[in-house]
There are 2 protein chains.
Amino acid sequence: MAQTVVDQLRESLGNFPVTERRVAHRLLAEYPMAGLQSATDLARAVGVSTPTVLRMVARLGFESYVDFQRRLREELTAQLSSPLSKAQSPTAAGAGPSADAPRAFSAAVARNIEETFAHLSAHEVDQIVALLGDRRNRIHMVGGRFTDALARYLSVQLRIIRPGVSHLQDQEANWQDQLLDMDQRDVLLIFDIRRYQVSLQRLAEAAASQRVCVLLITDQWLSPIARVARHVLPARVVVPSVWDSNTALMALCESLLAAVTSNTWDYANKRMRALEKLRNTV
Amino acid sequence: MAQTVVDQLRESLGNFPVTERRVAHRLLAEYPMAGLQSATDLARAVGVSTPTVLRMVARLGFESYVDFQRRLREELTAQLSSPLSKAQSPTAAGAGPSADAPRAFSAAVARNIEETFAHLSAHEVDQIVALLGDRRNRIHMVGGRFTDALARYLSVQLRIIRPGVSHLQDQEANWQDQLLDMDQRDVLLIFDIRRYQVSLQRLAEAAASQRVCVLLITDQWLSPIARVARHVLPARVVVPSVWDSNTALMALCESLLAAVTSNTWDYANKRMRALEKLRNTV
DNA sequence: CGGTTGATGTAACGAAAATTACAACACCTG
DNA sequence: CAGGTGTTGTAATTTTCGTTACATCAACCG
């Protein structure tokens, strides 16, 4: 009984069918507002049918959707002791902007990271780690205008501990060629944050229709690619700047890498040593 | 838009008839959850008729009750950026390392970021921001095996708000060619963390001897490049993993970018708009 | 004291939402 | 490849809710 709705969601996420899981993701990413809309609105927002939302709620153990909403409200009342006081944004046009700005920035980033990890579904993480660690799979990575650097970053490191890792090169035209050879043994990890790129979406859809396993790392509002992705990890990106921050995405990448590494340590270790030797001789 | 629903309620409270005022009071007392129930439930809770609730909402200036609820939810999302403050549940100790590892990782990363910024020298930051923002300088970036992704990341974004930004391409052999044309009007931003790469060091030394302004972003133990660099920013990189974490470096980059952007906003803004237009026409 | 204004509740209406039943589909298993 | 299981959307049904029209009542004013 002590369990909160968020906990229930995270726990049961693994037992959910795909579309219901999408609903759960939205719920977690936009908690709790997403759950306070009508089930129909929520369904429309995620791109599934209303009954799917209802079934997910039922699977969580609620008698009805209204029951679920009531529970959500109860939790919130308990939680929001004094929401009025802090309502004003603390952007604080304080003393020296050059002195305070970095501090506010770092606080926001650190907070983003904590929230990102707090919202993570253990199931999704485990699945992704397993897929990335399985050497029978071929791994491909790609990102958007800014996030492609992350795809590059992760691919360079992952390549050290396992074979079969590629980073789709910049030229979007070339993606098609590489997509041609993919099938259900391929894993395509996509980074996409707002403003979402249509080219990435097209790629994801084409890949999904070829039974490629599409993984998505995105922002908390979920790229449309979430609809075709097998697993999704959302991260917080808002900071006091005109730009969004991709730092939480990077932390996520590193956490995935750490998990894959420790899960496959016997092999990874050998491989790293071999690589070391190679570097010294060449 | 600036006015929140609470403000409106408090202001108009005096002009309300008795029963409607009772509704308003309940709304304020149990804000905002009271307003997220159905109007009928709210009416019943206060002991008035449903239309009274509706009339009160109309008097506040809302088109309908659903409209009112929508607004309430919007405020909520804006306000509750961290609804999970208490969500740090016992986390079901059973799950083991797969559940706890990411949490420890995120804590370490967040801490790294905070410490990194806490130790920053405002002077160094200001100087670097000024150099990066000065359009008379040409900017070049490069990084090591892993950190080159960061060089790429920052250069892509900086290029949006100013001209003359280049990222030295992967082939180390080509670095020499690009170095050839550099002089005191060039700024070379280098990323280098342990294990420090000799090729980077050679590049830095060559550049410095040509009076190029070398900037360094490195780890807390300082790359040897620090000796020839004009300005240095160190970041924390240790996390519970066999890998080091470059997340704090990224946060640093984003903070620099934010500062440069806001310092040169007049120009940057124009340029971004122009770019936007260009993207739409092409 | 009659008439007017505004507040309030009752009841009826219509729209939207939740729920249920069913059929199509994909996926796995033998 | 057939049969079964489980998932999903469509469509029909029922319920709830928001909304509106109207009647009652109280207070105020000429």
Side-chain angles (χ1 to χ4, degrees), chain A residues 5 9 12-27 33-73 123 127 131 183-185 205 207-214 226-232, chain B residues 5 12-27 32-73:
Chain A
V5 174
L9 273 172
S12 335
L13 206 61
N15 313 326
F16 286 172
V18 221
T19 56
E20 294 183 25
R21 197 176 307 163
R22 282 223 296 273
V23 179
H25 269 129
R26 175 58 149 256
L27 239 24
M33 196 205 108
L36 293 171
Q37 320 172 11
S38 73
T40 313
D41 281 349
L42 176 56
R44 188 162 30 228
V46 185
V48 301
S49 68
T50 312
T52 300
V53 174
L54 275 349
R55 278 189 289 255
M56 196 230 61
V57 166
R59 212 185 291 257
L60 271 181
F62 292 96
E63 291 218 342
S64 66
Y65 189 77
V66 282
D67 200 45
F68 169 72
Q69 284 191 319
R70 195 165 38 74
R71 173 68 179 280
L72 223 46
R73 279 197 300 269
H123 172 262
Q127 293 291 314
L131 284 165
D183 55 32
Q184 58 262 47
R185 283 198 317 274
E205 280 163 2
S209 71
Q210 286 178 228
R211 307 195 181 285
V212 172
C213 176
V214 175
R227 302 210 182 151
V228 299
R230 198 82 61 92
H231 301 289
V232 181
Chain B
V5 175
S12 336
L13 207 62
N15 313 329
F16 286 171
V18 219
T19 54
E20 294 184 24
R21 197 176 305 167
R22 282 224 301 273
V23 179
H25 271 133
R26 176 56 150 258
L27 235 25
M33 288 311 141
L36 293 172
Q37 325 171 29
S38 73
T40 313
D41 282 348
L42 176 56
R44 190 162 29 226
V46 186
V48 301
S49 69
T50 312
T52 300
V53 174
L54 274 350
R55 278 190 287 256
M56 196 231 59
V57 167
R59 210 183 294 259
L60 270 181
F62 292 96
E63 290 216 342
S64 68
Y65 190 75
V66 282
D67 199 46
F68 169 72
Q69 285 192 318
R70 197 162 39 74
R71 172 68 179 279
L72 227 42
R73 278 198 301 266

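- Side-chain contact check for B:L54 versus B:F68: every heavy-atom pair is 4.5 Å or farther apart.
- Inter-residue side-chain proximity for A:L27 and A:L42 is flagged as met; some heavy-atom pair is nearer than 4.5 Å.
- In this structure the side chain of A:V5 reaches within 4.5 angstrom of the side chain of A:L9, judged on heavy atoms.
- Of all nucleotides listed (C:dA7, D:dT7, D:dT10), D:dT7 comes nearest to the side chain of A:P17.
- The nearest whole Å value for the distance from the CE atom in B:M56 to the P atom in D:dG18 is 13 Å.
- For D:dG9, one of the phosphate oxygens OP1 or OP2 lies less than 4.0 angstrom from a side-chain nitrogen or oxygen of A:T52.
- Residue A:N15 contributes atom CG, which lies 13 Å from atom P of D:dG6 at whole-angstrom precision.
- Residue contacts shown for B:S49 include a base, since a base heavy atom lies under 4.0 Å away.
- With a 4.5 Å cut-off on side-chain heavy atoms, A:R26 and A:V23 do not count as touching.
- If you measure from atom CD of B:E20 to atom P of C:dG6, you get 13 Å, rounded to the nearest angstrom.
- In this structure, the side chains of B:L72 and B:F62 stay at 4.5 Å or more apart for every pair of heavy atoms.
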Summary of protein contacts for nucleotides 13-28 of chain C, nucleotide by nucleotide, where a base hit scores B, a sugar-phosphate-only hit scores S (4.0 Å, heavy atoms): ----SSBB--------
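- The stretch residues 46-63 of chain A participates, sequence neighbours left out, in these salt bridge (Lys or Arg N to Asp or Glu O under 4.0 Å) pairs: A:E20-A:R59.
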